[in-house]
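The analysis underlying the following values was restricted to heavy atoms, covering all of them including side chains, and did not include hydrogens, waters or symmetry mates.
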Number of protein chains: 2
Amino acid sequence: MPEKTGKPGKQQAADERPVRRQARGERRITQLLEAAASVFCSTGYTAASTNAIAREAGVSPGTLYQFFPNKEAIAIELGSRLMHEMRETYGEALAPIDPTTPLEDAVAAAVDRFIDFNCRHPVFFTLMHGPDIPGRMAEEHDALHATLIARVEALLTPFLPDTPPADVRRTAQVCVGIYKAGLELVLAHEGAEREAYVRELKNVLFRYLDPLVVD
Amino acid sequence: MPEKTGKPGKQQAADERPVRRQARGERRITQLLEAAASVFCSTGYTAASTNAIAREAGVSPGTLYQFFPNKEAIAIELGSRLMHEMRETYGEALAPIDPTTPLEDAVAAAVDRFIDFNCRHPVFFTLMHGPDIPGRMAEEHDALHATLIARVEALLTPFLPDTPPADVRRTAQVCVGIYKAGLELVLAHEGAEREAYVRELKNVLFRYLDPLVVD
DNA sequence: CCAGAATGTGAGCGACCGCTCGCGTTTGTC
DNA sequence: GACAAACGCGAGCGGTCGCTCACATTCTGG
């Protein structure tokens, strides 16, 4: 988050002052983040110019830098808010699955939720997928990726009680890779064709995992 | 290809002269393409500066522009040569497969060949995968992708004689997507772990396709 | 051997980009 | 209503990048 109002407890580091945000400022921030999402989506992170983001938001470059110290901070804050919403919407509800649930249903449910989220926030895929992500941003990226892998691992473990952890981990990596590839295809199509790709994605995952479970 | 020596048949368009290349020039071109491959690999296309490519090749920026009209042409020529080598190495031999061959073996053979090629030319993946590819390059990209899809479709059709063409096409798209995702994982690991991911990739594809075949 | 083409150099041009700064406007507080 | 702080503006600074150009060097055909 861009330096919070920070209730007057004085825990600000070296160079950052408290900055008492007005309501107008908070509005500008979300407005700028929406503009950034739009520009990132259509041009990618690197090619997106801060001037273009400001223009899209209908403000001057100076205003943008009133709220964000640099371009990277925009992407980080955007990613952070997306991850927060993701956790809030599906969050912990995704991990603990009753191991008596049929694998097919578990896979279908997980895919549906993630696909839905990514369709409503296409910028999420852009930020995760892009190989043009700079320094600090990569850390956030890796952190999210690791979280996702861990989550999938947790989801998988009850189904594969006798599999060595290293194999489960690799299986989780493969599942996430498949999901990303499927997501790309899903986002590239619309309507009935999109739904057909969602079905195919579920099929791929289910058929890959089914021979592994012991039940 | 950067304007060919063009045997004196005068079919040069408007602004391009015949340009009689010397052996030294041809050497420079391959040298520059190797340098470009290296730089593209480590920084991606967009972030790669032409000056960096020239420096990597040990020549001045002017020399680079003696052989390529612009940065994009470097990537296009590089991609074109890679596709040519790909066709030459595995080429038509990949498409016509005896439909009595077990699906598992067909998948394994195709995966092995493509993985081998991509491991020997990691820049290929960079150029195909990057979302930071500019105008004309995207066409080449799409052309290759379409070729690949068509090839996979041809490979699949004998196994799925009763499936509607639209479904076969979608299945091919999914297979290529899975392959790309698997390739990324394979390239990210080494040695035994890499081989494990290759096995997983084959498993994913085989288990996805097996229920579809009629045999 | 020599004319001219091909090859090679590197300073630097123009364009753009991330970001700043001086200054004017709005808002909240007493 | 006065004062400070937050907000807003936009020209422009420093830097990089793609690319050029005037000029030097090397090769090759006649």
Output every pair passing side-chain hydrogen bond (donor to acceptor under 3.5 Å, both in side chains) with a member in residues 194-205 of chain A, not counting sequence neighbours, ordered by first then second residue. A:Asp112-A:Lys202, A:Glu200-B:Tyr208
Run the side-chain donor-acceptor check on residues 30-39 of chain B: report pairs under 3.5 Å with partners two or more places apart or on a different chain.
| residue | atom | partner | partner atom | Å |
| --- | --- | --- | --- | --- |
| B:Thr30 | OG1 | B:Arg27 | O | 2.9 |
| B:Gln31 | OE1 | B:Arg28 | NH1 | 2.4 |
| B:Gln31 | NE2 | B:Ala57 | O | 3.2 |

Listed once per pair and sorted, the ring-ring contact (aromatic ring centres under 6.0 Å, His included) pairs that draw on residues 168-187 of chain A, sequence neighbours left out: A:Phe114-A:Tyr179
Listed partners of B:Ser49 passing side chain to side chain contact (heavy atoms under 4.5 Å, CB included), at least two apart: B:Asn51, B:Ala52
What's the CG-P distance between A:Leu64 and D:dG10, to the nearest Å? 14 Å
May I have the distance from B:Leu32 (atom CG) to C:dG8 (atom P), rounded to whole angstrom? 9 Å
Nearest whole angstrom, please: distance from the C1' of C:dC17 to the CD of A:Glu72. 16 Å
In whole angstroms, the gap separating P of D:dA6 from CD of A:Glu26 amounts to 13 Å
Roughly, in whole Å, what's the span from NZ in B:Lys71 to C1' in D:dG18? 8 Å
Under the rule for salt bridge (charged side-chain N to carboxylate O under 4.0 Å, His left out), what residues qualify as partners of A:Arg169, not counting sequence neighbours? A:Glu153
Qualifying residues under side chain to side chain contact (heavy atoms under 4.5 Å, CB included), relative to B:Leu144, sequence neighbours excluded: B:Met83, B:Phe124, B:Met128
Whether B:Arg28 contacts C:dA6 is assessed here as follows: a side-chain N or O lying under 4.0 Å from the phosphate OP1 or OP2. Is that the case? no
How about B:His129 and A:His129: are their ring centroids closer than 6.0 Å? yes
Could you give all pairs that pass the salt bridge (charged side-chain N to carboxylate O under 4.0 Å, His left out) test and reach residues 52-76 of chain B, with sequence neighbours left out? none
Can you check the A:Arg55 CZ to C:dC19 P distance for me, whole Å? 16 Å
Could you walk me through whether A:Leu201 and A:Leu183 pass the side-chain contact (heavy atoms from CB on, under 4.5 Å) check? CA-CA 8 Å; A:Leu201 174 53; A:Leu183 176 59; 5.8 Å; no
Can you give one letter per nucleotide of nucleotides 21-30 of chain C, going 5' to 3': B for a protein heavy atom under 4.0 Å from the base, S for sugar-phosphate only, - for none? B----BS---
Without decimals, in angstroms, what is the distance between B:Ile74 CD1 and D:dC17 C1'? 13 Å
Nucleotide nearest B:Gln66 when distance is taken to its side chain, options D:dC7, D:dC9, C:dG8: C:dG8
Residues from residues 40-51 of chain B lying under 4.0 Å of DNA chain D - heavy atoms: B:Ala48, B:Ser49, B:Thr50, B:Asn51
Taking C:dG10, D:dC19, D:dG10 as options, the one with an atom nearest any side-chain atom of B:Ser60 is C:dG10
